Amino acid sequence: MATESTPEAIPRVPEDTAKPTKLPAIPKGATVRRRPIPTRTSSTHSERRIYVTAKTPFRSVTARVRKQLDKNLRGASASNKAFTNRLAGDKNASLDERIRAIQRHSSTSTSSKGSGSGIGLEHTGEVVVLGTGRAIQKVTEVALFFQKQTDCIVQLRTASVGAVDDIVQEGEGEWGGEGEERVRMMSCLEASIRLK
């Protein structure tokens, strides 16, 4: 016996909720002044974030990223040297005791931060290259450049950033007038580059 199933009505999502809301039209005689995109980074990590525009030269971005990666590597190796200097300070320790101390140090550093080679340079820091709008192409080119290099790991993340625009009427020539403010969303791409 073949039973025919009746098609059930599939609940449809209202079309209004699926579409993003559009910004209102600009009134006649008004102009839009764009503000700079706000940065939400603390000052301690600002040197590790490189903002790219569509006109930023490719070679200067790659040089800045490589310079920051080398700086991070030097800082990590200096902290690792502090451990080896402490270890060398115990002159009466046998070779076996020194090996066990190195293994303990590498296991505690890798268990708290993830797996690695055990020499203490696994987490030397990352450099983030950011671009919005037309600069997304430049960020992908930089990411591809470093992905081809054997000593780098590249991860890409997408985000949306809210940019504030001022709508200024004809008679207002100053900033901060009675104009209207509105937020528009922009696409953003982050390329996280770190050493292996």
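Predicted model, so just to flag it, every value in this text is computed and none were measured.
- Applying the ring-ring contact (aromatic ring centres under 6.0 Å, His included) test to every pair with at least one member in residues 142-164, sequence neighbours left out, gives these pairs: Phe58-Phe145.
- Sequence neighbours left out, the pairs with a member in residues 151-161 that pass salt bridge (Lys or Arg N to Asp or Glu O under 4.0 Å) are Arg66-Asp151, Arg157-Glu190.
- More than 12 heavy atoms of other residues, nucleotides or ligands sit less than 6.0 Å from atom CD of Gln149.
- Taking CD1 of Ile153 as the start and CD1 of Ile193 as the end, the distance is 11.5 Å to the nearest 0.5 Å.
- The shortest non-hydrogen separation linking Met186 to Gly133 is CE-N, 4.3 Å.
- Smallest separation of non-hydrogen atoms from Val127 and Ile50: CG1-CD1, 3.8 Å.
- The nearest pair of heavy atoms linking Met185 to Ser160 is CE-CB, 3.8 Å.
- Annotation for Ile136 and Cys188: closest pair CD1-N, 4.4 Å, computed over non-hydrogen atoms.
- In this structure Thr53 satisfies the side chain to side chain donor-acceptor pair (under 3.5 Å) test together with Thr56, sequence neighbours excluded.
- Rounding to the nearest 0.5 Å places CD of Gln155 at 11.0 Å from CD of Gln147.
- With sequence neighbours excluded, no residue forms a salt bridge (charged side-chain N to carboxylate O under 4.0 Å, His left out) with Glu141.
- If you run side chain to side chain contact (heavy atoms under 4.5 Å, CB included) between Gln68 and each of Asn72, Val65, Asp70, only Asn72 comes through.
- For the atom pair CZ (Arg33) and CD1 (Ile167), the distance works out to 12.5 Å, reported to the nearest 0.5 Å.
- Annotation: side chain to side chain donor-acceptor pair (under 3.5 Å) contacts of Ser192 (sequence neighbours excluded): Glu126.
- Considering every non-hydrogen atom in both Lys138 and Ala54, the closest pair reads CE-O, 3.7 Å.
- With sequence neighbours excluded, no residue forms a side chain to side chain donor-acceptor pair (under 3.5 Å) with Arg182.
- Contact between Leu69 and Arg194 at its shortest, heavy atoms only, is CD2-CA, 4.0 Å.
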